[in-house]
Q: 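Encoded as structure tokens, here's the structure I'll be asking about.
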Amino acid sequence: MKFIAKHAKLAVVIAVLCGATSGSLSAMTAIPSMGIGFLRLTIALPFFLIPALRSEEKRNQLAAVSRHDLFLCAASGVFLFGHFFSWFSAVKLTNVASAAVLASLHPLVVLLVTVFIMKRKVSWKSVLAIIVALCGGAVIMGFDLNTLAGGHLTGNILGFLAGMFMGLYFAVGDSARKRVDGDLYVLLVFSVCWICFAGGMIFSGTPLTGYTFQDYLYVVLMAFICQIGSHAVFNMCIGHVSSLYVSTIESGDPVFSILVAVVCLRQIPAFYEIAGCVIVVGALLYYNYQESRDLTQ
């Protein structure tokens, strides 16, 4: 917690690196999307639930959370469920690069909420950097219309929905996170998300058994690397940097997702994907530089 408070921007970058493994790990396991989310949260949730229950101070803080903030946390948890389910499904139906790029559109949602609902000022240079980063993501996706054919169309639509849900998840959580401690906020959001997945497991009849040891191993890795190392860290960082910053830096995920896919899935990137990575990284570095200047002025 102290490291995150002192080095929040670095923590966001580390969280992005951890989260970039999610697409490849999800694609490699035979466990259905609903099962991935349920198992991943079941493993990760106790790391936040047990410390909160054992500490009287944390129990008192939890009891003191207002109904308004509880509602925002619950809404954030529902949007996180929507993001996870869409994302896990997308990477099974289209290539990781395309899914990651479409999912990385969430800064647009956060930007719109920040400017028009929260009424916060965002410099035109920062907006330009976000747009350029998203254009770089579009370049990564490429212009091959074949990716929009057959099963890829469904996967791409789900990738797009994953981005929209993530944008809402970041935007809604921004307000509540400033009043709720990071570990308790993560606990509340993850708990609601877990309840959604538990209901989904029952409704869909998704089995929890019958998979290989390797399938379960991939989910365990996702729980620690992606759930705790990525999403929990994102939520804790929002208390120290803006949700727009977290969302924008996270939009660089396609760059790292492609690199992970090369190693894990042997999905070799095309020239336009490499060019798109360069554009995204350059735009994000400029955004980080511009935001630092805005804060000092």
Side-chain angles (χ1 to χ4, degrees), residues 18-47 74 76-106 147-166 168-169 189-232 234 253-254 257-258 260-261 263-267:
C18 291
T21 63
S22 177
S24 294
L25 290 172
S26 300
M28 289 191 295
T29 180
I31 299 176
S33 301
M34 197 68 73
I36 293 174
F38 177 77
L39 291 172
R40 196 170 128 161
L41 282 156
T42 299
I43 296 169
L45 195 54
F47 288 90
S76 187
V78 172
F79 289 136
L80 181 59
F81 164 75
H83 164 71
F84 279 155
F85 181 75
S86 301
W87 170 248
F88 298 149
S89 301
V91 296
K92 290 179 180 293
L93 296 173
T94 188
N95 63 71
V96 172
S98 293
V101 169
L102 288 166
S104 71
L105 293 173
H106 51 78
T147 61
L148 298 178
H152 286 293
L153 176 60
T154 302
N156 286 334
I157 291 173
L158 287 167
F160 175 78
L161 289 175
M164 297 303 100
F165 280 124
M166 190 160 194
L168 293 169
Y169 155 59
V189 172
F190 281 12
S191 296
V192 172
C193 189
W194 181 86
I195 291 171
C196 292
F197 271 111
M201 291 288 290
I202 296 172
F203 181 78
S204 63
T206 301
L208 281 176
T209 59
Y211 308 106
T212 67
F213 171 79
Q214 197 171 30
D215 289 329
Y216 290 114
L217 177 61
Y218 290 146
V219 173
V220 171
L221 289 174
M222 279 190 280
F224 286 100
I225 299 174
C226 308
Q227 195 69 40
I228 296 175
S230 182
H231 280 274
F234 281 147
D253 178 85
S257 293
I258 288 174
V260 175
V263 176
C264 298
L265 302 176
R266 300 295 188 269
Q267 293 181 357

Q: Going through the checks in order, is the side-chain contact (heavy atoms from CB on, under 4.5 Å) test met by Thr29 and Lys92?
A: CA-CA 9 Å; Thr29 180; Lys92 290 179 180 293; 4.1 Å; yes
Q: Would you compute the distance between atom CG of Leu41 and atom CD1 of Ile36 and round it to the nearest 0.5 angstrom?
A: 12.0 Å
Q: Between His83 and Phe79, is the side-chain contact (heavy atoms from CB on, under 4.5 Å) condition met? List the steps.
A: CA-CA 6 Å; His83 164 71; Phe79 289 136; over 6 Å; no
Q: What pairs with Phe190 under ring-ring contact (aromatic ring centres under 6.0 Å, His included), at least two apart in sequence or on another chain?
A: Phe48
Q: Are Pro32 and Tyr211 close enough that some pair of their side-chain heavy atoms sits under 4.5 Å apart?
A: yes
Q: Which value, rounded to the nearest 0.5 Å, describes the distance between Leu217 atom CG and Leu25 atom CG?
A: 9.0 Å
Q: Looking at CG of Leu221 and OG of Ser24, how far apart are the two atoms once the value is rounded to the nearest 0.5 Å?
A: 12.5 Å
Q: With a 3.5 Å distance limit and no angle check, can you tell me whether Ser89 reaches the backbone of Ser86 through a side-chain donor-acceptor pair?
A: no
Q: Specify the closest pair of heavy atoms between Ala74 and Val192, including all atoms of both residues, with the distance to one decimal.
A: O-CG1, 3.4 Å
Q: Please find the pair of heavy atoms, one from Gly210 and one from Tyr216, that lie closest to each other, and give the distance.
A: N-OH, 3.7 Å
Q: When rounded to the nearest 0.5 angstrom, what distance separates CG in Leu39 from CD1 in Ile31?
A: 5.5 Å
Q: Decide whether Ser26 and Trp87 meet the rule of one side-chain donor and one side-chain acceptor closer than 3.5 Å.
A: no
Q: Just verifying a value: how many Å separate Thr212 OG1 and Asp215 CG, rounded to the nearest 0.5 Å?
A: 3.0 Å
Q: Mind checking ring-ring contact (aromatic ring centres under 6.0 Å, His included) for Phe84 and listing every partner two or more places apart, or none if nothing turns up?
A: Phe88, His231
Q: Would you tabulate the side-chain donor-acceptor contacts of residues 195-209 under 3.5 Å, counting partners in other chains and residues two or more places apart, or write 'none'?
A:
unit_1, atom_1, unit_2, atom_2, d
Ser204, OG, Gly200, O, 2.6
Ser204, OG, Thr206, OG1, 2.7

Q: Identify the two heavy atoms, one from Ala44 and one from Ala223, that lie closest to each other, and give their separation to 0.1 Å.
A: CB-O, 4.1 Å
Q: Hey, mind stepping through Tyr218 and Met28 against side-chain contact (heavy atoms from CB on, under 4.5 Å) and telling me if it holds?
A: CA-CA 8 Å; Tyr218 290 146; Met28 289 191 295; 3.7 Å; yes
Q: Tell me, with the steps shown, if Gln227 and Ile43 meet side-chain contact (heavy atoms from CB on, under 4.5 Å).
A: CA-CA 9 Å; Gln227 195 69 40; Ile43 296 169; over 6 Å; no
